[in-house]
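One structure is given below, encoded as structure tokens.
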Amino acid sequence: MLDGAVLPNKFTYPFVLKACAGLGDLNLGKSVHGSVVKFGFDDDVHVCNTTVHMYCCCSGGIESARKVFDEMPKLDSVSWSAMIGGYVRVGWSTDAVDLFREMQMVGVRPDEITMVSVLSACTDLGALELGKWVESYIDKEGIQKTVELSNALIDMFSKCGDVEKALKLFRNMSGRTIVSWTSVIDGLAMHGRGMEAMSLFEEMIGTGVAPDDVAFIGLFSACSHSGLVEKGKSYFSSMVEKFHIVPKIEHYGCMVDMLCRAGLVKEALEFIQKMPIEPNPIVLRTLISACRAHGELKLGESITKQLIRNEPMQESNYVLLSNIYAK
DNA sequence: CTAGGGTTAG
């Protein structure tokens with residue numbers, strides 16, 4: 001296209017940049033950005049917004065995104081949402097909140113998409129008071145409570161410690177999605193309310209919503225945190241046999257965590273050995289910590305040595321080993 | 001003619 005008669009125009013770039021974002025390819029994105037600059041489309045707010053988003057989606061691109069953002073001739077709510085959302089995605093939630101404050105100071109009106117990202121930042125930070133403020137801000141500003149925004153509110157309350165409030169919003173919500181159910185189940189799980197999480201899970205199935213792989217992670221986590229080992233095992237079978245979901249490492253990880261918390265270290269080891277996929281470092285660390293807690297020091301030592309062989313650069317593994325020797 | 005978000009074990 002570049003060497004023919006047809007030149008790219010400013011309407012071409014958002015599609016190309018979006019493709020780079022989808023691939024997460026920073027080098028490709030950089031070269032497309034270079035082309036944007038070369039053709040002088042870097043004064044177009046839509047092209048710049050897509051560029052910010054592209055950098056935010058590429059690993060290691062967040063600083064470049066901020067650079068483009070800072071140099072934009074004009075910022076609209078999409079620009080701010082893209083940058084705030086980018087910070088949340090890479091886990092820089094404090095920067096996301098700071099940027100939201102800056103957005104308010106310069107007087108750009110946030111919309112429901114901005115607020116979803118701000119709420120994600122609150123959830124990540126466990127900032128309940130800020131989250132409550134955001135909720136009242138949404139009401140005060142008359143920002144549209146889409147299903148996605150309601151879900152973000154439920155998720156925030158659920159994970160920041162006000163499960164009752166999350167449940168209340170959930171019960172009053174019209175048009176719940178599996179995300180709404182999963183957020184409340186996760187909150188109950190995190191706060192040791194495993195039986196309620198289980199009954200909500202059953203209620204969900206009863207209303208005709210089929211559980212997906214993410215919902216099962218929440219459910220297993222609930223069983224794990226509440227010591228419901230037999231329930232967890234039976235749900236694991238049902239996930240595979242009844243709902244035909246292929247377990248991922250996260251599902252196996254939950255089961256290992258559940259067995260370890262219950263002190264069934266040997267059974268956790270057997271479970272790992274029977275898994276059809278390789279245990280990742282997270283699973284191995286769960287097992288090692290359990291070995292230490294339950295006096296299986298020899299076993300813990302051998303697994304830790306295996307872990308160190310797999311990731312010799314991870315300093316925390318040596319801490320695990322020294323903790324075992326300390327015992 | 002284009003654009004930003006949304007549940008995932010420890």
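Each chain gets a letter, A, B and so on, in the order its sequence line appears, and its residues count up from 1.
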His53(A) side chain near dG4(B) phosphate (N/O to OP1/OP2, under 4.0 Å): yes

Between dA9(B) (P) and Arg285(A) (CZ): distance, integer Å: 15 Å

Please find out if less than 6.0 Å separates the ring center of Phe201(A) from that of Trp181(A). no

Between dA3(B) (P) and Tyr55(A) (OH): distance, integer Å: 19 Å

Between dA3(B) (P) and Lys10(A) (NZ): distance, integer Å: 14 Å

When the distance from CG of Asn151(A) to P of dT7(B) is rounded to whole Å, what number comes out? 9 Å

Without decimals, in angstroms, what is the distance between Ile249(A) CD1 and dT8(B) P? 18 Å

Would you say His46(A) reaches dG4(B)'s phosphate, i.e. side-chain N/O to OP1/OP2 under 4.0 Å? no

Side chains of Asn151(A) and Thr177(A): any donor to acceptor distance under 3.5 Å? yes

Mind checking if Ser289(A) touches a base, just sugar-phosphate, or nothing, with heavy atoms under 4.0 Å? nothing

Phosphate OP1/OP2 of dT8(B): any Lys159(A) side-chain N/O under 4.0 Å: yes

Here the distance between atom P of dT7(B) and atom CE of Met173(A), to the nearest Å, is 13 Å

Nearest-Å distance for atom pair CD1/P, residues Ile185(A) and dT7(B): 15 Å

Rounded to whole Å, the CG-C1' distance (Asp124(A) to dT7(B)) equals 14 Å

Asp44(A) (side chain) and dA3(B) (base): donor-acceptor pair under 3.5 Å: no

Is the number of heavy atoms from other residues, nucleotides or ligands within 6.0 Å of CD (Glu315(A)) greater than 12? no

Taking the six-membered ring for Trp, are Phe69(A) and Tyr55(A) closer than 6.0 Å centroid to centroid? no

